[in-house]
Amino acid sequence: MSDQGVKMASVTEQMDVLMRGVVDVVSVEELEAKLTRSVKTGKPLRVKLGIDPTGFDLTLGHTVPLRKLKAFQSLGHQVVLIIGDYTAQIGDPTGRNEARPQLTHEETLAHGRHYVEQAAKVIDVSRLEIRYNSEWLAPMNFADVIRLAGKTTVARMLERDDFSKRYHEGRPISLHEFFYPLMQGQDSVAIRADVELGGTDQTFNLLMGRELQRDEGMEPQVCITNPIVEGLDGVEKMSKSKGNYIAVADRPEEMYGKAMSIPDGLIAKYLIHFTEMPLAEIEALQRAMAEGMNPRDAKMRLGRELVALYHGPAEAQAAEDHFRTVFQKKDVPDDMPEFHPDPALLEDGAAGVIQLLLGAGLVASGSEARRLIIQGGVSVDGERVADERATLALRDGMVFKVGKRKFARLRLP
RNA sequence: GGAGGGGUACCGAAGUGGCUAAACGGGCCUGACUGUAAAUCAGGUGGCUCUGCCUUCGGUGGUUCGAAUCCACCCCCCUCCA
């Protein structure tokens with residue numbers, strides 16, 4: 001909490017906090033040496049995290065390096081957030097759709113702000129040094145770029161997992177993608193990073209920073225990688241496009257519910273990387289599960305921790321109550337969206353179910369509504385709707401339910 | 001520059017003139033079972049004024065009663081050779 005101006009923790013104490021959940025550190029000795037020097041001189045380390053301002057909403061996956069950044073910050077170090085505005089403007093073709101549009105500078109700035117806004121839920125952004133990499137990349141001329149390119153080889157580049165995989169699978173690699181590691185490394189040179197954080201998928205890029213720094217006669221940065229945590233399905237990396245994510249902006253019930261749906265094997269991992277629960281406590285929980293504790297209860301704990309972290313303890317309790325009501329008791333929640341029927345559809349105070357579901361926004365199309373009704377997935381006031389052509393007499397407060405978790409309450413004017 | 005292969009729905013991938021709104025697998029959705037876990041089982045998965053109609057197979061144009069399938073041009077990707 002009150003980490004301002006306080007005496008710096010000892011190297012061992014710092015290492016203890018910093019090593020939580022990391023996959024790899026290149027190298028531990030160098031990190032200790034840097035910390036030792038920092039403690040001695042009172043000079044904080046410069047810790048870097050780079051982001052691509054592509055306008056994404058933060059998922060818990062993104063918060064893993066952010067939490068590590070926060071740990072450094074709390075220990076009194078200077079954290080530096082690099083917003084890759086220049087990189088983003090060039091247009092990152094990574095992935096299969098090369099159609100990703102190039103961003104205007106304005107857009108990248110807006111995305112950067114969007115990111116910082118959400119990051120504020122994890123770290124103290126007022127003490128963040130925010131830098132845009134166009135600051136040093138834009139002034140480079142072609143000769144500078146060629147010189148930079150000369151610092152590595154194609155064979156070296158193809159060592160990168162992502163590249164070699166795509167190369168062997170016959171998927172395209174644009175030439176300029178080779179510049180990404182170089183640009184990212186150049187960022188480290190420019191801000192004189194002592195430490196850089198990233199997921200294990202960033203390893204190659206992080207190491208490039210070391211090489212470029214060494215080349216400039218600087219002490220190379222320490223690279224700390226955190227795991228890429230699996231999403232809700234327990235298999236694939238948590239990502240927006242896979243739809244297997246929890247977003248930091250998720251509503252409390254949503255966040256809690258998603259936490260409850262993860263495979264048991266992921267509980268401890270989520271607690272370690274997504275929350276700040278003390279490791280000892282997590283281990284105790286794991287032991288308890290091994291001895292027969294219902295993993296569901298551990299997940300409920302996870303759900304509470306997460307919601308408390310992003311919405312506060314009161315909301316955490318509320319989310320849990322909501323979960324109990326809706327999913328354990330299969331009851332109707334207190335809070336749900338409300339909607340007013342389109343008066344044009346009313347006939348003697350009645351209307352067709354499909355039109356009502358559409359009006360409530362519970363279905364995307366009439367066909368979907370029809371399908372769901374046939375499959376028994378729609379109920380009104382607890383009663384399953386059997387006929388897709390049914391006409392319902394409207395009453396204020398009627399509750400429409402679609403699937404297990406979509407509700408809407410009808411309101412008459 | 002030369003030769004060859006390829007672009008199909010959310011993804012992968014069949015289909016080479018009508019029986020194709022398009023096999024199969026994954027994902028996703030619904031139902032059953034549950035701990036909204038996993039696993040499993042059943043069904044579904046373009047839209048609509050829904051026993052029918054409309055739009056869809058890289059793009060444009062054409063042949064045909066009829067095209068994802070044939071032809072022409074164009075765009076994009078991959079492999080090998082140079």
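Every chain is numbered from 1, with letters handed out A, B, ... down the list of sequences. Values in this document were obtained by computation on a predicted structure and should not be read as measured data.
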**Request:** Return the nearest nucleotide to the side chain of A:Ser367; candidates are B:C48, B:U45, B:U36.
**Result:**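 The closest nucleotide is B:C48.
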
**Item:** Options B:U36, B:G35, B:G44, nucleotide nearest the side-chain atoms of A:Met260
**Value:**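 Out of B:U36, B:G35, B:G44, the nucleotide with an atom closest to A:Met260's side chain is B:U36.
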
**Item:** Of A:Glu13, A:Lys70, A:Gln14, the residue whose pairing with A:Leu75 passes side-chain contact (heavy atoms from CB on, under 4.5 Å)
**Value:**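 The side-chain contact (heavy atoms from CB on, under 4.5 Å) with A:Leu75 is passed solely by A:Gln14 among A:Glu13, A:Lys70, A:Gln14.
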
At less than 4.0 Å, is any side-chain N or O atom of [X] found next to OP1 or OP2 of [N]? Yes or no.
X: A:Ser365; N: B:C48; result: yes
X: A:Arg371; N: B:G46; result: no
X: A:Gln328; N: B:G35; result: no

**Asked** What is the distance, rounded to the nearest whole Å, between atom NZ of A:Lys330 and atom P of B:G35?
**Response**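 Taking NZ of A:Lys330 and P of B:G35, I get 9 Å after rounding.
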
**Message:** Expressed as a whole number of angstroms, how long is the span from A:Met289:CE to B:A38:C1'?
**Reply:**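 In whole Å, B:A38 C1' and A:Met289 CE are 14 Å from each other.
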
**Complete:** B/S/- along nucleotides 23-31 of chain B (protein heavy atoms under 4.0 Å) is ------SSS

**Asked** side chain to side chain donor-acceptor pair (under 3.5 Å) between A:Gln184 and A:Asn205: does it pass, once the steps are laid out?
**Response** CA-CA 7 Å; A:Gln184 191 170 332; A:Asn205 297 354; 3.1 Å; yes

**Message:** So A:Leu266, base contact, sugar-phosphate only, or nothing? Heavy-atom distance under 4.0 Å.
**Reply:**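 Answer is nothing: A:Leu266 stays at 4.0 Å or more from every strand.
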
**Asked** Which base sits across from B:A67 as a Watson-Crick or G-U pair, both distances under 3.5 Å?
**Response**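 B:A67 is paired with nothing.
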
**Item:** Strand partner of B:A21, provided both Watson-Crick or wobble distances fall under 3.5 Å
**Value:**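 Looking at the geometry, B:A21 pairs with no nucleotide.
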
**Prompt:** What is the ring orientation for A:Phe323 with A:Tyr256, classed by angle as parallel under 30°, tilted 30 to 60°, or perpendicular over 60°?
**Reply:**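 Tilted.
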
